[in-house]
Amino acid sequence: MQRIDELITAWPFLGSRRMTAMLKAEGLAVNRKRVQQLMRKMGIAALGPKPNTTKPAPGHKISVPICCAT
């Protein structure tokens, strides 16, 4: 758990899959479900894009060609 905490502090965007790969590269024998369980227990969640990140700004208008405006 301490190593997971150190890694998440250094790279807060790591999810359980990449965290597992990093731990395995260091020689620790862990699987993804165990890492997920420990991350939930510690209250850790990866930082990432939230939903609706591609919405246009309120002031921007989207022009539609006349052929498609029907």
Side-chain angles (χ1 to χ4, degrees):
M1 282 176 54
Q2 180 182 358
R3 186 62 186 144
I4 291 175
D5 190 38
E6 291 170 358
L7 289 174
I8 206 71
T9 302
W11 295 285
F13 50 85
L14 290 181
S16 62
R17 292 173 191 266
R18 194 175 294 175
M19 180 76 67
T20 303
M22 290 186 75
L23 292 171
K24 284 183 179 180
E26 293 179 0
L28 297 172
V30 293
N31 65 14
R32 186 175 59 86
K33 290 182 180 181
R34 180 64 175 161
V35 172
Q36 279 181 332
Q37 181 183 19
L38 290 173
M39 286 175 72
R40 273 195 307 268
K41 187 175 183 179
M42 296 167 64
I44 295 173
L47 298 177
K50 302 298 182 216
N52 301 321
T53 58
T54 58
K55 283 188 174 180
H60 296 170
K61 292 185 179 182
I62 300 173
S63 60
V64 180
I66 294 175
C67 66
C68 302
T70 58

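Each residue takes its place number in the sequence, starting with 1. Just so it is clear, the values below take in all heavy atoms, side chains as well, and ignore hydrogens, waters and symmetry mates. Please read these numbers as outputs of a predicted model, since none were measured by experiment.
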same_hphob_cluster(Ile44, Leu28) at 4.5 Å side-chain heavy-atom cutoff: yes
I need the minimum non-hydrogen distance between Met39 and Leu14, along with the two atoms involved. CE-O, 4.0 Å
Met42 side, atom CE; Ile8 side, atom CD1 - distance, nearest 0.5 Å: 8.5 Å
Residues which pass side-chain contact (heavy atoms from CB on, under 4.5 Å) with Gln2, listed by chain and number, not counting sequence neighbours: Glu6
Any salt bridge (charged side-chain N to carboxylate O under 4.0 Å, His left out) involving residues 8-29? Give me the pairs, sequence neighbours left out, ordered by first then second residue. Arg3-Glu26
Output all residues satisfying side-chain contact (heavy atoms from CB on, under 4.5 Å) with Gln36, sequence neighbours left out; order by chain, then residue number. Ser16, Arg32, Lys33, Arg40
Got a sec, which residues hit side-chain contact (heavy atoms from CB on, under 4.5 Å) with Lys41, two or more places apart in sequence or on another chain? none
Got a sec, which residues hit side-chain contact (heavy atoms from CB on, under 4.5 Å) with Leu38, two or more places apart in sequence or on another chain? Met1, Ile4, Arg34
